[in-house]
Amino acid sequence: MTTNTPLLVLGIEPEFVYERVLFPTDVGEPPERALEATLDIAERYEAELHVLTVVDTTRVSADVETGPALEQAEQTGSATVDSLVERLRDQGHERIVGAVVHGRPHDGILSYAKNHDIDLIVMGTHGRTGLDRYLVGSVTEKVVRLSDVPVLTVRHRLEA
């Protein structure tokens with residue numbers, strides 16, 4: 001069974017004061033439904049919005065031959081974050097912080113959340129199941145399982 005309803009996973013003692021909201025995104029276009037949810041929450045609580053991309057260093061080693069690949073991944077990540085921050089500022093959102101970190105995606109997200117006192121993480125999810133989820137893995141699933149702060153997951157596309 002799949003659902004199009006966003007899922008909010010809370011800890012044992014949830015707090016509903018969101019001063020800092022984290023929106024992790026892959027390179028390229030951000031998941032619009034998750035971004036809309038993030039903006040709604042940030043506006044409602046007058047929260048600072050953090051936009052984050054994690055350069056997955058587990059896929060690119062830093063030796064001489066792959067150095068350019070790592071540099072390209074960093075540039076692409078920075079361009080993604082900068083573009084989204086600029087777009088949101090153009091739309092009138094002022095309290096935005098952009099960041100690019102390195103490491104395994106779920107570790108980078110969780111470390112950033114801890115180091116910046118994030119109150120809520122909002123993530124897009126594809127809603128994969130079965131073998132597809134097993135083969136591709138799920139950064140969102142790992143963040144949900146390991147996070148010390150609430151995580152709101154929003155499916156990328158609505159299903160009919």
Side-chain angles (χ1 to χ4, degrees), residues 4-10 16-60 62 67-128 133 136-159:
N4 292 321
T5 305
L7 173 65
L8 177 61
V9 179
L10 302 171
F16 295 103
V17 177
Y18 304 123
E19 295 178 4
R20 286 166 297 283
V21 177
L22 175 59
F23 179 71
T25 186
D26 292 332
V27 296
E29 289 298 312
E32 288 301 318
R33 289 189 70 231
L35 180 58
E36 288 172 18
T38 305
L39 293 173
D40 287 347
I41 292 166
E43 287 176 15
R44 179 173 295 138
Y45 291 96
E46 298 179 0
E48 182 176 74
L49 173 57
H50 292 248
V51 175
L52 175 70
T53 292
V54 180
V55 175
D56 188 351
T57 55
T58 62
R59 294 178 186 241
V60 181
L70 181 60
E71 186 176 312
Q72 178 62 43
E74 290 173 355
Q75 290 174 353
T76 303
S78 291
T80 296
V81 169
D82 292 346
S83 174
L84 184 53
V85 167
E86 182 179 335
R87 175 181 141 195
L88 296 177
R89 286 193 176 134
D90 287 347
Q91 294 173 0
H93 305 283
E94 296 177 7
R95 297 185 63 209
I96 302 175
V97 175
V100 177
V101 298
H102 300 93
R104 292 186 304 185
H106 71 279
D107 287 335
I109 293 166
L110 294 168
S111 293
Y112 185 92
K114 182 176 183 175
N115 293 336
H116 293 86
D117 295 320
I118 297 297
D119 301 304
L120 175 68
I121 302 170
V122 182
M123 298 183 71
T125 181
H126 293 284
R128 292 185 177 104
R133 186 177 99 202
V136 176
S138 173
V139 172
T140 303
E141 182 179 354
K142 290 174 185 170
V143 170
V144 166
R145 284 189 294 113
L146 299 171
S147 180
D148 292 331
V149 300
V151 179
L152 174 64
T153 64
V154 181
R155 286 189 57 124
H156 286 292
R157 288 180 218 92
L158 292 174
E159 294 180 358

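Only this structure's heavy atoms are used, side chains among them; waters, hydrogens and symmetry mates stay out.
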Worksheet item: Between the side chain of Arg89 and the main-chain N/O of Ile96, is any donor-acceptor distance below 3.5 Å?
Response: yes
Worksheet item: Can you tell me how far the CD atom of Glu48 sits from the CG atom of Asp119, to the nearest 0.5 Å?
Response: 10.0 Å
Fill in: Backbone N/O of Asp117 and side chain of Arg20: donor-acceptor pair under 3.5 Å
yes
Item to complete: Looking only at non-hydrogen atoms, find the nearest pair between Ala34 and Val122 and report the distance.
Response: O-CG1, 3.7 Å
Worksheet item: Counting only N and O atoms by type, is there a donor-acceptor contact under 3.5 Å from the side chain of Thr140 to the main-chain atoms of Gly124?
Response: yes
Worksheet entry | Straight-line distance of Phe23 CZ to Leu152 CG, nearest 0.5 Å | 11.0 Å
Worksheet item: What closest approach, in Å, do Gly98 and Val85 show between heavy atoms, and which atom pair accounts for it?
Response: CA-CG2, 4.0 Å
Worksheet item: Is the closest side-chain donor-acceptor distance between Ser78 and Glu74 under 3.5 Å?
Response: no
Worksheet entry | Worked check of side-chain contact (heavy atoms from CB on, under 4.5 Å) between Leu120 and Val149 | CA-CA 6 Å; Leu120 175 68; Val149 300; over 6 Å; no
Practice prompt. Search all heavy atoms of Leu88 against all heavy atoms of Leu49 and return the closest pair with its distance.
Written response: CD1-CD2, 3.8 Å
Worksheet item: If every non-hydrogen atom of Thr53 is compared with every non-hydrogen atom of Asp26, which pair is closest and at what distance?
Response: OG1-O, 4.4 Å
Item to complete: Identify, with sequence neighbours excluded, every residue that meets ring pair (Phe, Tyr, Trp, His ring centres under 6.0 Å) alongside His116.
Response: His50, Tyr112
Practice prompt. State the CD-CG distance between Gln75 and Asp82, to the nearest 0.5 angstrom.
Written response: 11.5 Å
Discussion item. Would you compute the distance between atom CD1 of Ile41 and atom CD of Glu36 and round it to the nearest 0.5 angstrom?
Written reply: 12.0 Å
Discussion item. How close do Ser147 and Ile121 get, counting heavy atoms only, and between which atoms?
Written reply: OG-CD1, 3.8 Å
Worksheet entry | Check: Val81 and Leu52 side chains under 4.5 Å, non-hydrogen atoms | no
Worksheet entry | More than 12 heavy atoms of other groups within 6.0 Å of Gln91 CD | yes
Worksheet item: Is there a donor-acceptor pair closer than 3.5 Å between any side-chain N or O of Asp56 and the backbone N or O of Pro105?
Response: no
Worksheet item: Can you name the nearest heavy-atom pair linking Thr25 to Pro31, along with the distance?
Response: OG1-CD, 3.8 Å
Worksheet item: Do Thr153 side-chain atoms and Met123 backbone N/O form a donor-acceptor pair below 3.5 Å?
Response: no
Worksheet entry | Atom pair NE2/OG1 of His93 and Thr38 - distance to nearest 0.5 Å | 10.5 Å
Discussion item. Contact between Lys142 and Val139 at the side-chain level, heavy atoms closer than 4.5 Å - yes or no?
Written reply: no
